[in-house]
Every structure is written in structure tokens, then in C-alpha cells.
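Here the structure comes first, spelled out in C-alpha cells, and everything after it is commentary.
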Protein chains: 2
Amino acid sequence: MKNLCDAIEQYIKEMLRTAGEDFIEIRRNSLAEQLGCVPSQINYVLETRFSLERGYLVESRRGGGGYVRIVRRRVGTGRDAVETVFSEVRDAISRAKAEGYIHMLEEEGLVSAREAMLLRRAVGDGVSWVARVDRDSARARILRSMLLGLLGEPQPYNGREA
Amino acid sequence: MKNLCDAIEQYIKEMLRTAGEDFIEIRRNSLAEQLGCVPSQINYVLETRFSLERGYLVESRRGGGGYVRIVRRRVGTGRDAVETVFSEVRDAISRAKAEGYIHMLEEEGLVSAREAMLLRRAVGDGVSWVARVDRDSARARILRSMLLGLLGEPQPYNGREA
DNA sequence: GCTTTTGACTAACTTTGACTTTCAATACAA
DNA sequence: TTGTATTGAAAGTCAAAGTTAGTCAAAAGC
């Protein structure tokens, strides 16, 4: 693996795969030691690769007997999952979060690789022309509209521009 | 070789030829060092010699473990149609025209029904919040960005993992 | 005049480590 | 016993440093 955090991501995902449950518990420090990295690197990976949007939940406790629990978030299957994302995308969303959701939908098999690409394009480069300050809300509107489409809502259009 | 960028072009093409895959991954800085040029020269070559029109696609990532991936696109099989639409969608496009193009792509089997829906959503409802005067150009930017993405993906229906 | 070459500056990600906070267990005092 | 202070073992935070790649415009070659 060419970089640490990808390796850590894979390692954790493998643990999740082999675990009987849909969560695992680790000790941050010993995992870091096993993987030969500083403990805070684990936090970085959890933030960037196991975010809520990507379909994970991280709980932890400090002190003696502390732990980090990584839970596969139940986001529903099929329609439910898309609905969940739709309701969680409010009036504004950062690029990273949007891409997190798209990543999750793709991983869950709810959109194909090509569909995921179209979503990513629309909320990525597709809004790069919008002034920085308005970009997050532009993204949210486009993403929500596309999600509605995935849910099968008809799109109003009377042939003229509304 | 009379100039640097031709040499770099040949070098990269040779790498593509000998690679088993239809893409290669390089590290910009080390390639530059191997070839005895400044790193930004690589970008220049990629822009001028490995452009979309010439049948290539370039993706990259920065930071630790960063890379530049150069993909040779398969030609034919209707790709020309996507390219045509891409080049015809200039800096602004009406909703009706956009829908027309999307419909055509769908009829030609270049995008699936769902993909067409996503395109329609993005350039329809997705830009309804934009001030009317700017809507056509917003539409064009989003559509072009999405089409660009389509050019880099395998065809629908026979799709493999990206 | 066009293309090519260069390099200073910028942006995006990653890695590290010093410092902080929280918690459980234990020790101690009343 | 009961409440409280101490302590050590976790995990969290944050900013600096490191590692890539991108941009842009000036300079250099046709």
C-alpha cells in the first residue's frame, strides 16, 4: 500500500469484514503500534474514511479500559438509504461530505460506478463556477434534486423554462 | 528528439504500451527527475498531448501517496456522440436543448435511463435556484462536467468496476 | 507569433508529536 | 463505610511539518 492511511483503512475494513458483528472495538494505541504509526494517525483515518456520511459511526471512551468502537451504520437498504441521505443533506453540504455520501451509496450498491461518477461530477466540478460562499448550498440543491430522481419522483417540466 | 515535450510524450506512450493495463500511474516529481525537467513540464505535456480529444484521460491526487494516472480511452462505440454533444454544449444551453441532447444520448444507448434521469435532474431542477439570466450557463457547465466524466467511464450495461 | 520551458507560488492531502481531556481504579480521610 | 483526592491509562485536539500535484505567467526558442 502506498500510504499509511490507505493501509490503515484497509486493515480496519478487513477487521469489520471478519468480525461477526457489525462493529469492532479497538484500542487506539495498540492498533497504532501494530501498524507502526502514531496514535493520532488512527484518528485521522477515522475522520476521513469512516465518517458518518460514508456509513460509519465512531464511538469511544478515554481513560482506563478505553476503546474506540467502529460501527457500520444502518442506513437502510435500497430506497431507505437514498431517503436517509436525502433527509440528511439539508440546505448546504461540503464537498467532502457530499462525496462521502456518494461513496457510501456506491459501496452499498445503490448506484453504479457511472452513476456515482455523474453525482460526483455534478456536485464537484459542476459547481466550481459558483462563488465559494454559495457553493455548499448549490451542491445541496443539485444533490437533493438528483437524489429525488433516484427515488423516482417525477421532475416537473412544462416544456418552457420555469 | 528535438524537444523535451516530444521526448516526454514518447516516454509516456512507451510506458502505456508496455503496461499490461490501459492506464499507467506515475509520480509527477520522480518522472520529471528521470527525464531531467521541471515537474510542471509534465503537466504541460499532459495538457497538450494527452488531452481528451487525443483519446486520453488524466486523473490525479495530491499529498502523500499522490499520483497521476493516465488512461487511454477506448475509441469508437458511440463515444463520438458524447464528444459531439460535449463540444456542442458551449458556454450556455437552454433547458430544452439540454433535454434534447440527453434524450438523444439515451436513445443511442450511451447512457442508461437512470443516468439520463440524473443528467436531467442536474440540469433541470438542479439549477432552478440560479438567477434566470445565469441559468443557461450554469446548465452548460454542469452538463459539460458530467459528460466529461462519461468519456472516462466504460459503457453502460457492460460496466465493470471503475 | 506561436509553442515550449521554467520556477515561484498555491492547493490538497498526510504524518507527526506535543499537549489536553477524560475516565477507572486506587488510596486516603472522615 | 463513604466520600474525595490522586494517579495512571487511555483517547482527543490541533497545529506544524512533510509530501505530492496544479496554476500561471514570464522567459526562452523556434
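Numbers restart at 1 for each chain; the letters A, B, ... are given by sequence-line order, proteins then strands.
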Any pair with a residue in residues 39-52 of chain A that passes salt bridge (Lys or Arg N to Asp or Glu O under 4.0 Å), sequence neighbours left out, goes on the list, sorted by first then second residue, please. Asp6(A)-Arg49(A), Glu9(A)-Arg49(A)

Qualifying residues under side chain to side chain donor-acceptor pair (under 3.5 Å), relative to Arg28(A), sequence neighbours excluded: Asn43(A)

So salt bridge (Lys or Arg N to Asp or Glu O under 4.0 Å) across residues 33-43 of chain A, not counting sequence neighbours, yields none

Note: chain B reaches DNA chain D at heavy-atom distances under 4.0 Å over the stretch, first to last nt, 5' to 3', of dT19(D) to dT23(D)

Apart from Leu52(A) itself, members of its ILVMFWY cluster (side-chain separation under 4.5 Å) are Phe23(A), Leu57(A), Val71(A)

May I ask you to decide whether Arg73(A) forms a salt bridge with Glu88(A), counting only side-chain N to carboxylate O separations under 4.0 Å? yes

If the sugar-phosphate is the primed atoms plus P, OP1 and OP2 and the base is the rest, what is the B/S/- string for nucleotides 4-15 of chain C, using protein heavy atoms under 4.0 Å? BBBB---BBBBB

Show every salt bridge (Lys or Arg N to Asp or Glu O under 4.0 Å) that has at least one partner inside residues 95-104 of chain A, sequence neighbours left out. Arg95(A)-Glu99(A)

Using links of under 4.5 Å between side-chain heavy atoms of ILVMFWY residues, direct or through other members, which residues join Val133(A) in one cluster? none

Under a 4.0 Å heavy-atom cut-off, which of residues 23-34 of chain B touch DNA chain D? Ile26(B), Arg27(B), Arg28(B), Asn29(B)

Applying side chain to side chain contact (heavy atoms under 4.5 Å, CB included) to Ile24(A) and not counting sequence neighbours gives Ile12(A), Met15(A), Leu16(A), Ala19(A), Ile26(A), Ile70(A)

Report the hydrophobic cluster partners of Tyr44(B), with the cluster defined as I, L, V, M, F, W, Y residues connected by side-chain heavy atoms closer than 4.5 angstrom, directly or transitively. none

Linking Ile, Leu, Val, Met, Phe, Trp and Tyr through side-chain heavy atoms less than 4.5 Å apart, which residues share a cluster with Tyr67(B)? none

